[in-house]
Amino acid sequence: MRPVPIRVPGRLFAALATGGGGAEALDLLARAEYSRRLACAHAVTEAAREIGGGVAEAAEQAWELLAAAHRADPRAVPAVLAHPSAGTALVGLLARLDRVVEGEAGAEAVGELPVHWFSSLAAAAAVRAGVSARLRWPLTTDQVFLPSLGGARFSGAGPGDLAEVEVDAAGEARVSVAGRGSVPGPVEVPKVPYASSERWRAAHRLVVLDTGAPLLLDDVDPMRFPGVPERPLGLTADDLQWWEVTAREACRLLRTHHPEICAELAAGPRTLVPLASTGSFSGSSAEAFGSMALSRPRTGRALALSLTHELQHSKFAAVLHLFDLFEPGGDERYYAPWRPDPRPLIGLFHGAYAHLGVAQFWNRHRAVEQDPEELARSHAQFARWRAGAREATEVLLSSGRLTALGQHFAETMLSTLDALCRLPVPAEAGRRGLALAAEHRTEWVLRNRMPEAQPI
């Protein structure tokens, strides 16, 4: 159970830089993210050893259980650590441990270290592998949760109680709460991933993609996405039906008209994290590879566009975990044609890459749209985002902060965008797209009280 070196063939690096890559690139990036998380789990164990005491004991037990699960079933640990919330938990825990080790946090912070995040990952791997085990950790809420599997609520439980996960010799698993006699009794963990029962809540399977990988909707995992509430969102049956219908429509559109994006989506499990926010919003996290948070989409096409956009961000974040594309430091802020605020270089690079994918989406979509009004909108959106992504990429190339590899990556992006900019667009739609871009720039200058939208 060791992280393995990842080699990215030149042709895949080039394909990624054009905004694509397909299933092969996504599979490689997923393996790289798993290897990174495994290294992070080891780093968590080492940092906990330096702190000592109960923190070290809990981390050591979790690491040994991960190793036992890996020996019993080599698929178990990757299935858990590849889950999006594993990245959020491990990186967040390691950052807190490091602050204690380096003396940046006081002694009182030791008692607040969430080592149970690591314990729950190890317990989930043991359940998947059917390894006989018994693991306990302190509760912070009334929920006992196993990442990638689901969890159960225990009414009346909370801080001061202990979560307990037990896997018997036959591989049967159950979760319970130790410390009080008044809470409900144990809950059996379903054998099938993403299965729910009367007391067991798991991510909801929206669609099974062509490869057999699921597209999930997760509002129950406490670590499902950075910054979201720990408690479930509380989706109703009508909410779930809306998401199911919209997801099927989105996947059908991608399969029919955007096959490369569909292949990237289907390269592994993908998790959608619903948000309570209104309007159209979506976001990704560098540490939660495989997931995206978004508000309820209005249509299947809107969801397909969001999936395309956030897959681009996920790919680029994973590339940045492998390669240094720009020099660190620098406090410059840049105009980005898609944001209301000045952006740092990494934000501009991320956005340029994502909107390269958005421009490619609209280019493909305008070739199949039948409704005249929507076709005109597709042309205008294509004109706007190819120009916006190209403008941002030129700024990247002139920033003086790209490494040689970053320069090559951005030059490939620019070449791809140049080809898109040579494609014909109806005159009126072209004017509309450029007018939208000019309107955004004007509003940005006024909002940020800048004389012009240039690096600051």
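Heavy atoms only: backbone and side chains are in, while hydrogens, waters and symmetry mates are out. For reference, positions follow the sequence shown, starting with 1.
Between Glu260 and Arg364 no salt bridge is recorded (no basic side-chain N to carboxylate O distance below 4.0 Å). Classification of Arg301 and Glu374 as a salt-bridged pair holds, one side-chain N sitting under 4.0 Å from a carboxylate O. Look at Lys315 and Glu310 and you find no salt bridge, because none of the NZ, NE, NH1 or NH2 atoms lies under 4.0 Å from a carboxylate O. Taking the charged nitrogens against the carboxylate oxygens, Arg252 and Glu249 have no contact shorter than 4.0 Å, which rules out a salt bridge. Contact check on Arg390 versus Glu394 returns a salt bridge, with a Lys/Arg side-chain nitrogen under 4.0 Å from an Asp/Glu carboxylate oxygen. Look at Asp142 and Arg153 and you find a salt bridge, because one of the NZ, NE, NH1 or NH2 atoms lies within 4.0 Å of a carboxylate O, short of that distance. Between Asp331 and Arg333 there is no salt bridge, since none of the side-chain N atoms of the basic residue sits less than 4.0 Å from a carboxylate O of the acidic one. A salt bridge is defined here as a Lys NZ or Arg NE, NH1 or NH2 lying under 4.0 Å from an Asp or Glu carboxylate O, and Arg401 with Glu332 meets this definition. With respect to Asp219 and Arg231, no salt bridge is recorded, no charged nitrogen being found less than 4.0 Å from a carboxylate O. A salt bridge links Arg36 with Glu287; the closest basic N to acidic carboxylate O contact falls under 4.0 Å. With respect to Glu188 and Arg174, a salt bridge is recorded, a charged nitrogen being found less than 4.0 Å from a carboxylate O. With respect to the salt-bridge test (charged N to carboxylate O, under 4.0 angstrom), the residues Arg422 and Asp418 do not qualify.
Side chain of Thr88 to backbone of Ala288: no donor-acceptor contact under 3.5 angstrom is found. Of the possible polar contacts, one joining the Thr416 side chain to the Thr412 backbone as a donor-acceptor pair under 3.5 Å is found. Between the Arg270 side chain and the Glu264 main chain, a donor and an acceptor come within less than 3.5 Å of each other. Of the possible donor and acceptor atoms, none in the side chain of Ser285 sits under 3.5 Å from a partner among the backbone N and O of Pro226. With hydrogens and angles ignored, the 3.5 Å screen pairs no side-chain donor or acceptor of Thr256 with any backbone N or O of Leu253.
Of all non-hydrogen atoms in Ala123 and Trp137, the two that sit nearest each other are CB-CZ3, 3.9 Å. What you find for Pro3 and Leu38 is that their closest heavy atoms are N-CD2, 3.7 Å. Here the closest heavy-atom approach between residue Ser35 and residue Val4 is recorded as OG-N, 2.9 Å. Annotation for Ser291 and Ser284: closest pair O-OG, 4.4 Å, computed over non-hydrogen atoms. For the residue pair Arg224 and Val228, the shortest heavy atom distance occurs at CG-CG2, 3.7 Å. Minimum interatomic distance between Leu320 and Phe326 (heavy atoms only, all atoms of both residues): CD2-CE2, 4.1 Å.
The number of heavy-atom neighbours closer than 6.0 Å to CG of Asn448, taken from other residues, nucleotides and ligands shown, is above 12.
Aromatic ring orientation, Phe13 versus His408: parallel (interplanar angle below 30°, classes split at 30° and 60°).
In this structure, Leu66 CG and Thr45 OG1 are separated by 8.0 Å, a value rounded to the nearest 0.5 Å.
In the model, Arg128 has a side-chain atom that pairs as donor or acceptor with a side-chain atom of Ser148 under 3.5 Å.
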Intermediate values then yes/no, salt bridge (Lys or Arg N to Asp or Glu O under 4.0 Å), Arg384 and Glu439
CA-CA 11 Å; Arg384 178 183 182 182; Glu439 180 182 341; over 6 Å; no

With side chain to side chain contact (heavy atoms under 4.5 Å, CB included) as the criterion, how do Phe145 and Val175 come out once you've worked through the C-alpha distance, each side chain's angles and the decisive distance to 0.1 Å?
CA-CA 9 Å; Phe145 200 89; Val175 300; over 6 Å; no

Please report the C-alpha distance between Asp221 and Ser85 in whole Å, then the side-chain angles of each, then the deciding distance to 0.1 Å, and finally whether the side chain to side chain donor-acceptor pair (under 3.5 Å) criterion is met.
CA-CA 8 Å; Asp221 189 333; Ser85 64; 2.7 Å; yes

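Here side-chain hydrogen bond (donor to acceptor under 3.5 Å, both in side chains) pairs that include residues 347-362, with residues two or more places apart or in two chains, are His313-His350.
Between Val44 and Leu97 there is a side-chain heavy-atom pair separated by less than 4.5 Å. Side chains of Tyr194 and Leu149 form no contact here, defined as non-hydrogen atoms less than 4.5 Å apart. In this structure, the side chains of Val358 and Thr308 stay at 4.5 Å or more apart for every pair of heavy atoms. Within the 4.5 Å cutoff, the side chain of Phe316 has heavy atoms near those of the Phe409 side chain. Residues Pro147 and Ser120 form a side-chain contact, since some pair of their non-hydrogen atoms from C-beta on lies under 4.5 Å apart. Side-chain contact between Met292 and Val273: absent, with no pair of heavy atoms (C-beta onward) separated by less than 4.5 Å. No side-chain heavy atom of Leu146 sits less than 4.5 Å from a side-chain heavy atom of Val80. Proximity of Leu217 to Pro274: side-chain heavy atoms (C-beta onward) are separated by under 4.5 Å at one or more points.
Cation-pi check for Arg343 over Tyr335 is not met; the charged atom does not lie both under 6.0 angstrom from the ring centroid and within 45 degrees of its normal. Under a cutoff of 6.0 Å and an axis angle of 45°, Arg296 and Trp242 form a cation-pi pair.
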